[in-house]
Amino acid sequence: RMYSHGEGTAKDMVKALHWFEKVAEQGNAKAQYNCGLMYYEGEGTKIDMVKALYWYEKAAEQGHADAQFKCGLMYYNGEGTAVAKTKALHGLEKAAEQGVAEAQFNCGVMYSYGEGTAVDEAKALCWHEKAAEQGYAEAQFNCGVMYDKGKGTAVDKAKALYWYEKAAEQGYAQAQLVCGVMYYNGEYTTVGEAKAKAYVQKAAAQTKDKEIQEKAKEVLLYREVEKLLELSEAKETYKSGDYEKALSLFETLAEQGRAEAQLLCGMMYSKGEGTAVDKTKAKAYFQKAATQTENKEIQEAAKKILREYF
């Protein structure tokens with residue numbers, strides 16, 4: 001350890017490996033794991049996958065969780081051995097049972113796709129949730145999908161949104177996009193224009209996944225067009241003299257945070273158009289419009305009305 005960290009001497013990975021192997025041969029699991037890691041990464045020696053797997057297995061046999069995880073990955077990828085999905089799952093489950101989040105996630109994937117085992121979506125969800133509870137973003141997203149689609153469990157839209165948002169909060173772009181669309185459409189939740197836009201903008205700002213980035217930009221563009229059409233429909237209804245329907249349309253848009261709709265609702269409640277005169281409701285709508293910052297013209301108009309008439 002001291003040679004590998006350069007403690008009390010110059011760092012010397014060759015000597016570090018020499019001493020780790022001495023201790024490993026005496027059955028020390030941590031030293032065996034370190035030997036596996038050094039052979040795997042080529043530290044103090046050339047890369048040797050066969051020796052890496054040998055030492056990882058020695059440590060894994062003693063219950064070393066990280067070594068069990070490494071063995072699982074090596075059998076899965078065929079590193080230092082032939083691909084063996086059943087052995088891979090065995091090693092990964094051993095590590096997963098000890099709480100290794102990445103192993104739990106990988107078990108979830110393998111049970112989902114029937115790799116090394118029969119497809120078992122209930123077990124897949126079980127492992128994904130264990131990883132998700134430890135903050136593993138991709139597992140959180142997969143939990144969202146499984147509750148959303150009813151895989152391994154009954155459909156539960158509330159839980160789906162819960163896990164999608166957990167992943168989104170960690171910057172997982174696909175989850176951010178899904179959350180944005182769900183809030184825009186009012187799926188499993190009330191419509192939340194501002195929250196929806198914030199999620200989609202975050203997804204659009206991602207640079208690692210260009211496909212997600214482009215989809216997010218499309219959602220934002222289409223939503224702006226939809227908003228214009230929605231407001232246009234409400235205005236045309238108002239012009240036609242159907243004030244009751246117009247007020248209903250404007251209020252729906254106002255609840256989504258649309259400043260112009262909030263201003264128009266205030267006017268209609270003030271005048272009693274499509275409803276009885278209600279100054280309290282009118283004032284509440286004008287106050288909402290006055291706090292908006294995206295449209296300065298609407299904001300100033302609402303403030304002026306409040307000053308002069310309320």
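- Relative to the six-membered ring of Tyr76, Lys85 meets both conditions, a distance below 6.0 Å and an angle of at most 45° to the axis.
- Side-chain atoms of Gln104 and Phe69, non-hydrogen and from C-beta on, never get closer than 4.5 Å to each other.
- A side-chain donor-acceptor contact under 3.5 Å links Asp120 to the backbone of Ala122.
- Glu21 and Tyr39 share a donor-acceptor pair across their side chains, judged by distance under 3.5 Å alone.
- Inter-residue side-chain proximity for Ile305 and Met267 is flagged as met; some heavy-atom pair is nearer than 4.5 Å.
- A donor-acceptor contact shorter than 3.5 Å is absent between the side chain of Asn28 and the backbone of Ala24.
- By the rule that hydrophobic residues join a cluster once side-chain heavy atoms approach within less than 4.5 Å of another member, Tyr111 and Leu92 end up as members of one cluster.
- Taken to the nearest 0.5 Å, the CG atom of Asp156 stands 7.0 Å off from the OH atom of Tyr147.
- Looking at Thr291, its side chain does come within 3.5 Å of a backbone N or O of Lys288 through a donor-acceptor pair.
- Taking CD of Glu211 as the reference point, atom CD of Gln174 lies at 8.5 Å (rounded to 0.5 Å).
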Q. Can Val219 and Leu177 be said to form a side-chain contact (heavy atoms from CB on, under 4.5 Å), step by step?
A. CA-CA 9 Å; Val219 169; Leu177 181 58; 4.0 Å; yes
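- Ile47 and Tyr40 fall within a single hydrophobic cluster, where Ile, Leu, Val, Met, Phe, Trp and Tyr are joined by side-chain heavy atoms under 4.5 Å apart, directly or via other members.
- Hydrophobic clustering (side-chain heavy atoms under 4.5 Å, transitive across Ile, Leu, Val, Met, Phe, Trp, Tyr) groups Leu37 together with Met49.
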Q | Audit row: Val277, Lys279, side-chain contact (heavy atoms from CB on, under 4.5 Å) steps and yes/no | A | CA-CA 6 Å; Val277 171; Lys279 296 292 184 180; 4.1 Å; yes
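- Panel note: side chain Ser248, backbone Glu244; no donor-acceptor pair is recorded below 3.5 Å.
- Using a distance-only test at 3.5 Å, with no hydrogens or angles considered, no donor-acceptor pair links the side chain of Glu273 to the main chain of Tyr243.
- Here the closest heavy-atom approach between residue Tyr33 and residue Ala59 is recorded as N-CB, 3.8 Å.
- In plain terms, the two heavy atoms of Ala290 and Ala302 that are nearest each other are N-CB, 3.6 Å.
- Using a 4.5 Å cut-off on side-chain heavy atoms (C-beta onward), Gln98 and Lys94 make no contact.
- Side-chain contact between Glu129 and Trp163 is present, with heavy atoms from C-beta onward closer than 4.5 Å.
- A donor-acceptor contact shorter than 3.5 Å is absent between the side chain of Gln206 and the backbone of Gln213.
- No side-chain heavy atom of Phe250 sits less than 4.5 Å from a side-chain heavy atom of Glu260.
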(Q) Would Gln32 and Gln62 count as a side-chain contact (heavy atoms from CB on, under 4.5 Å) here? Give the steps. (A) CA-CA 10 Å; Gln32 291 167 341; Gln62 296 195 67; 2.9 Å; yes
Q. Hey, mind stepping through Lys30 and Asn34 against side-chain contact (heavy atoms from CB on, under 4.5 Å) and telling me if it holds?
A. CA-CA 6 Å; Lys30 190 171 182 181; Asn34 287 336; 4.2 Å; yes
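- Atom NZ of residue Lys281 and atom OH of residue Tyr269 lie 4.0 Å apart, to the nearest 0.5 angstrom.
- Nearest approach of Val200 to Ala216, heavy atoms of both residues: CG1-O, 3.3 Å.
- For the atom pair CD (Gln176) and CD (Gln201), the distance works out to 11.0 Å, reported to the nearest 0.5 Å.
- Hydrophobic clustering (ILVMFWY, side-chain heavy atoms < 4.5 Å, transitive): Phe105 and Tyr113 are in one cluster.
- Under the 4.5 Å side-chain heavy-atom criterion for Ile, Leu, Val, Met, Phe, Trp and Tyr, Val109 and Leu125 are members of distinct hydrophobic clusters.
- Atom-to-atom distance recorded for Glu214:CD and Asp209:CG is 10.5 Å, nearest 0.5 angstrom.
- Looking at heavy atoms from C-beta onward, Ser270 lies in side-chain contact with Phe286 at the 4.5 angstrom threshold.
- Using a cutoff of 4.0 Å between basic side-chain nitrogens and carboxylate oxygens, Lys195 and Glu165 are scored as salt-bridged.
- The minimum heavy-atom distance between Ala175 and Ala168, with the atom names listed, is CB-N, 3.6 Å.
- Residues Glu300 and Arg307 are not paired through a salt bridge, judged by the lack of any N-O separation under 4.0 Å between the basic side chain and the carboxylate.
- The NZ atom of Lys130 sits 11.5 Å away from atom SG of Cys143, with the distance rounded to the nearest 0.5 Å.
- Between the side chain of Asp148 and the backbone N or O of Gly144 there is no donor-acceptor pair closer than 3.5 Å.
- Annotation: side chain of Asp66 is in contact with side chain of Val100 (closest heavy-atom distance under 4.5 Å).
- Looking only at side-chain heavy atoms (C-beta outward), Tyr238 and Met268 come within less than 4.5 Å of each other.
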